[in-house]
Each structure stands twice: as structure tokens, then as C-alpha cells.
Amino acid sequence: MENEYILEIRNLKKYFPTPYGTVKAVDNISLKVKKGTTMGLVGESGSGKSTTGHVVVGLFPPTDGKILFKGQDISMPLERRPKNLKRDIQMVFQDPASSLNPKKIIRDIVGLPLKVHGMVSSREEMEEKVSKLLEMVELPPEDFLYRKPTDLGGGEKQAVSIARAIATNPSFVIFDEPTSALDVSIQAKIINAILNIQKEFRLSSLFITHDLSLMRNISSYVAIMYLGKICEMAPTETFFQKPLHPYTQMLLSSVPVLTKEEEELKPKGIKSVGEIGSPINPPSGCRFHPRCPFATEICKKKEPKLVEVEPEHYVACHLYSSE
Amino acid sequence: MNGEPLLEIKDLHVGYKTHMGISHVLNGVHLTVHKGERVGVIGESGSGKTTTMKSILRILPSNAIIKKGEIVYNGKDVLKMSNEELLTIRRKKISMIFQDPTSALNPLFKIGQIMLDIIKYSYNLEEKDAKEMALKALKEAALPDPERVFDSYPFQLSGGMRQRVCIALALIGERELIIADEPTTNLDVTIKAQVLNLLTDLVKKKNVGWIFVSQALGAVRENVDRVYVMYAGNIIEWGPSEKVFSNPLHPYTQKLLECVPKLTGKEFAKGIRGRIPNYFHPPSGCRFHPRCDYIMDNCKKNIPEPVEVEHEHFVSCYLYHRR
């Protein structure tokens, strides 16, 4: 039977021991990504969104919980991951400058995964494949094949990272804030390239960002994280029409916008207050309660469960639980 | 706007001497700020925003050359001022808030010590009065528990709080002009909104002039009276904020605004082709011409004179010359 979900995360935990205590970067989250869709993971710094991505791609083994990829458990450490899994799950990092080897030429950078996975047999074949990949991200191969990353601008470097990520024809790609270091005009180019590739390869992906407006344009589902927990999850359309969690509303109301139409989408009557808590010693009960204007006694004591309030729209808040 | 301008930059040309030759960055920048006016400057990285701001306080790096121009502050040219006069201006009249609050505060001193030093030095006050002044400033910057902040090292504060400290420092005494160079770029979305609200409130309350430099177009739109658009060392369009954002005239401004992802999730722009020019050999005429879709012969030869298209809304582009 064909599995509807390409990625399933079940009760995932990732803790990092530090001299000051354990950082609960990701604390018991569950989410599912449907085949051919993009799940947007949104949160501020310290919310655990990048850690989630890193655990899925295998950079850290999970502390607890399960990750199922196409129905297969992949929560083992990276060394024990089968090679074909590494081919099938790829990642694009935030900082293109530090994720490309400055001493190598673009042909070798993009060609390396092809070689590792035995997908090319000769140098000519590699060059040909790399050229095709570069064309896909709108870098003319004749100009770029033999250049080094240090000669390129930020946007071009990120395009190279994307070409490298799709080189092995993966079915799942994790984008970890791929455009947050870029100017808006360049961001638009990169996002367009990503959108085209997603269509062409019928790619499923996890798109990590802190930019809700960008999320709106790229993902089919949104999950909002706060201090290691998911507080709201919904299809993008529903989410923007009806944001439920107070944190989500605060986040949306904080987005600066350019037009009147957008202003109407921003929740009124909620203002950003307080600071993000510490992931070492998070607030009791609902982790958002010190900043929440609707907080009651129960919020301080009991952690709200993620409940489905309407089809596919989940929220973890005592305001919406029946108890 | 009526009345005498507080600050007027006229035809400013600034370059940098490097081992590769002279990079001609600013190419005739002009900018006017009236008393109590909030002015925004937008543009992408490398457009010369920071160079312009640093010229005002004359804190440019040592390889910078001011080739031409005037920066008139309260009727006097900053570029011709003696050291003595310049120091008075820096200490008491104009202050600057930088992008990265972490590197703006000396990590070896407590916040209190940093503030006391500045206040004692600038105003010749006794320790006790200086402390009172510092605590008052911290309180105004909406820092909870100013006494504790006064007694903390910068690393003991969060990024948002550090930026509040910088704001407090910038607003000490009777300032006339605050220059904020991307003050919220390094902060999280919800914290960004808080810090920006604080800054606008204080600027309004104290009736000081404010230059808000940012790449975050939405944030600028929501917080300033007038806005200047910079591209490659030129001011290409300026006018009342509402008019520039609702009716952008210059092809670059139009494209730039299209590139910003919208909360409404409308069609995503393709980006702007090409990249910001090389300042060693900048394009002749209008510096945007190699990337412009409406290029005419004249664009390559001359820099277009500004035209007032609607009331107080100016643009430097030949497209508007014939009308």
C-alpha cells in the first residue's frame, strides 16, 4: 500500500546537555508531511525549527522519538544510515558561504554527490549533468562551471547549494532558511527557482523560516514552533484566515506589511510583549503563558495538548481544548 | 514640510580607496530631514545607505574619500567643522543606533559603566546626577527593572534588551537627530515589532528628527513620514511614505516592492535580473540602466534630473521627463 505521508515525525525529542543544564531544543513534537507538499516550519530563534531539520537529515541522532521516512524508521545515527537514504534526503543550509568549499570549483561541488552515489561514470557525463543542474537554477553553465564560490554573489552561491541538493534526484529536501541572508530581489529569484524545481521533481520538502509572508507563498502546510513545541499546525489557507493560537496571532501582528490588503490579515487587538523564554528552563505549563494576554491559572500548571479543532487544523492552547 | 531643514545633504560623493582602485560608491546623494521628522532610507545591501549615514557623523573608515558635497547641519557644514565642533555634535546632538547591539556595547564593562562614562564625559555631571540620568533613560526605553540592567554586563541581556540599551544611550539628553541603521535586522519578529514601536514612540514623544535606514520595506512604510529609495549610491526616488509605497514610480522601486513576499500570498515576482553594479567601474548615466526594462538612449549617457510627479513625490528617471 502506498503511504500518503513521505515523512512522519512521532514524539521527537532532541536535548543537548550543556554545562548550564539541558537545552530542550525540540521537546516532543509530531508532524507529518504529505507526499509532494511543502511543510513550512516557522518559529523565532530558539524555537527548535532548525534542530528539527538537522535531526531529520541525520546531523544529530534524536534523543527520543521516531522519524519515519516512506514508512521506514530513520532515527538511527548518520553513520548507520543506508547510503540510499542519504541520497534521497538532502538539505540546503542558511549560509551559502560556509556550506560551499571555497577551494573547489562549482563543477566539483555540484558533481561530488553524483560521484559519491555512483550516478556518473565519467568526467564528461558529470560535466553534462552538472550543466543541466546549473541551468535549472538559472546559472548559465558556461559562466559558472569553472568558477569558485568566492567569485560568486550570495544569491548565486545559494543557487549552487540548491543545485547540489537536487543533484542526486532526492525525493525530500530540507530548506533551512535558504534566503534569510539574501536581499529581497535575490530572494525572489531563489524562491522562484525552488518553486520550479518542486514542481518539476514533484519534490516534498520541509521549509524552515521565520518569515510568515514568505511561508505563505511557498508552503501548503504550516507548523508554528515556540520553545521546542508545536503550537499550531494547519493548511496554509486555513492558517492565514483563522490563526488560533495567541502566539501565532502575536507573530502575525508583528509582521510589517506593504499594502492595505495585507494589513487586514493581521490580527487586531494583540500586541507583542515579553521575551522568548530560555530553552534550558522553559516556563511551566504552556510555554507561552508569560507573554500571553489570555493566560489563566491552568496555563501555568498544565501543558496544553495539540488538538484538532477543525479538519487538519491543530492547536495547542487551553482556550480551544474542551476541558 | 515647512521650516528650516535640520539636516541637508547636498550632492554627496564618497568613494573608498582599495588595492583594486577607487570604488565610487556615493554618486550625488541628497537628503533632507526637518526638525521632528521621521525619514526612511531603503535600498538593498551595497546601495550606500550606511556610507551615507556614516558620512553625517564623519565616522567613515580611514580609506574613505569624500570627493564632493555638503552636509549642512543646523546651517553649518559638517564636512568643514573643526574637531571640537564635531565632538559636540556627536556627544549632544546627533546619535546613531547600529545594527548589531552586541558589538556596539563593550563586553568588558557593565551597562551602567558604559552609560556613566558617556554621560559624565558629555555633560560634565557628578556621578550621582549622571546615574539618575542613566536610569531615567533606561526606564524610558521600557526596560523592566532598570537597576538590574544598569548593573549587568551586555552578555547577561538578551538581544532585544541590548538594543533597548542602545536606544536609551542614543536618546540621552537633548538630542536633535537619531540615525538608526537597520536597528532591528538582528532581532526576532516579535521582538522587532516591540523595539520598533518603542523607537517610534520615543522619537515622536521627544520630537527629534529620525533617519530610519532599513532593508525591511514594510517596517519603513509603517513608521516614517517620508522615504528615500537608494540604488547604487544614488537617491532615485523620494516622497511621502504613503505615496512612494502605494504608487512607486522608478522601475527599480516598482520591482523591489514586487519582490517582497506578501501575506496575501499573491503571485510571486521573478526578482530583478543582474546584480548591483561594480563600484570600480559603475555604469554610465543612470546606474540602474543595465537592469532596467524601459531603457532608452539617454539613460546610458546622463544622470536623469529629478522630476516632481505628484506633490512632493520626486523621481530621477527619464521615463517621466517627457510628460
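In what follows, chains carry the letters A, B, and so on, assigned in the order in which the sequence lines appear, proteins first and then strands, with residues in each chain numbered from 1. Computed from heavy atoms alone, side chains included, the values below leave out hydrogens, waters and symmetry copies.
- Put simply, the side chain of A/Lys266 reaches to within 4.5 Å of the side chain of B/Leu263, judged on heavy atoms.
- Within a 6.0 Å sphere centred on NZ of B/Lys243, heavy atoms belonging to other residues, nucleotides or ligands number more than 12.
- In terms of non-hydrogen atom pairs under 4.5 Å with chain B, the most contact-rich of A/Glu156, A/Glu237, A/Glu138 is A/Glu156.
- Salt bridge B/Arg221/A/Glu263: present, at least one basic N to carboxylate O contact under 4.0 Å.
- Ranked by non-hydrogen atom pairs under 4.5 Å with chain A, the options B/Ile272, B/Thr190, B/Leu256 are led by B/Thr190.
- Counting heavy-atom pairs closer than 4.5 Å to chain B, the top-ranked of the candidates A/Ser253, A/Gly274, A/Gly46, A/Gly154 is A/Gly274.
- Distance check, rounded to the nearest 0.5 Å: CZ of B/Arg275 to CG of A/Leu152 gives 7.5 Å.
- Between B/Lys192 and A/Glu44 there is no side-chain heavy-atom pair separated by less than 4.5 Å.
- A donor-acceptor contact under 3.5 angstrom links the side chains of A/Glu275 and B/Ser158, judged on distance only.
- Heavy atoms of B/Ala216 lying under 4.5 Å from chain A are absent altogether.
- Across A/Asn217, A/Ile186, A/Asp211, the residue that shares the most heavy-atom pairs under 4.5 angstrom with chain B is A/Asn217.
- Counting heavy-atom pairs closer than 4.5 Å to chain B, the top residue among A/Leu252, A/Leu251, A/Leu182 is A/Leu251.
- Residues A/Gln187 and B/Pro261 are in side-chain contact: their nearest non-hydrogen atoms beyond the backbone lie under 4.5 Å apart.
- By the 4.5 Å heavy-atom criterion applied to side chains, B/Gln215 and A/Val184 are not counted as neighbours.
- Between B/Leu196 atom CG and A/Ser272 atom OG the span is 11.0 Å, to the nearest 0.5 Å.
- Distance SG/B/Cys259 to CD1/A/Ile191: 11.5 Å, rounded to 0.5 Å.
- In this structure, the portions of B/Leu257 lying under 4.5 Å from any heavy atom of chain A include both its backbone and its side chain.
- With chain A as partner, the option from B/Lys270, B/Lys255, B/Arg273 having the largest number of non-hydrogen pairs under 4.5 angstrom is B/Lys270.
- Contact check on A/Glu261 versus B/Lys262 returns no salt bridge, with no Lys/Arg side-chain nitrogen under 4.0 Å from an Asp/Glu carboxylate oxygen.
- Nearest heavy-atom pair across B/Glu44 and A/Ser185 is OE2-OG, 2.6 Å.
- When every heavy atom of A/Pro256 is checked against every heavy atom of B/Glu222, the shortest pair comes out as CA-OE2, 3.6 Å.
- Heavy-atom neighbours of A/Lys199 NZ from other residues, nucleotides or ligands within 6.0 Å: at or below the threshold of 12.
- Neither the backbone nor the side chain of B/Asn223 comes within contact range of chain A; no heavy atoms are under 4.5 Å apart.
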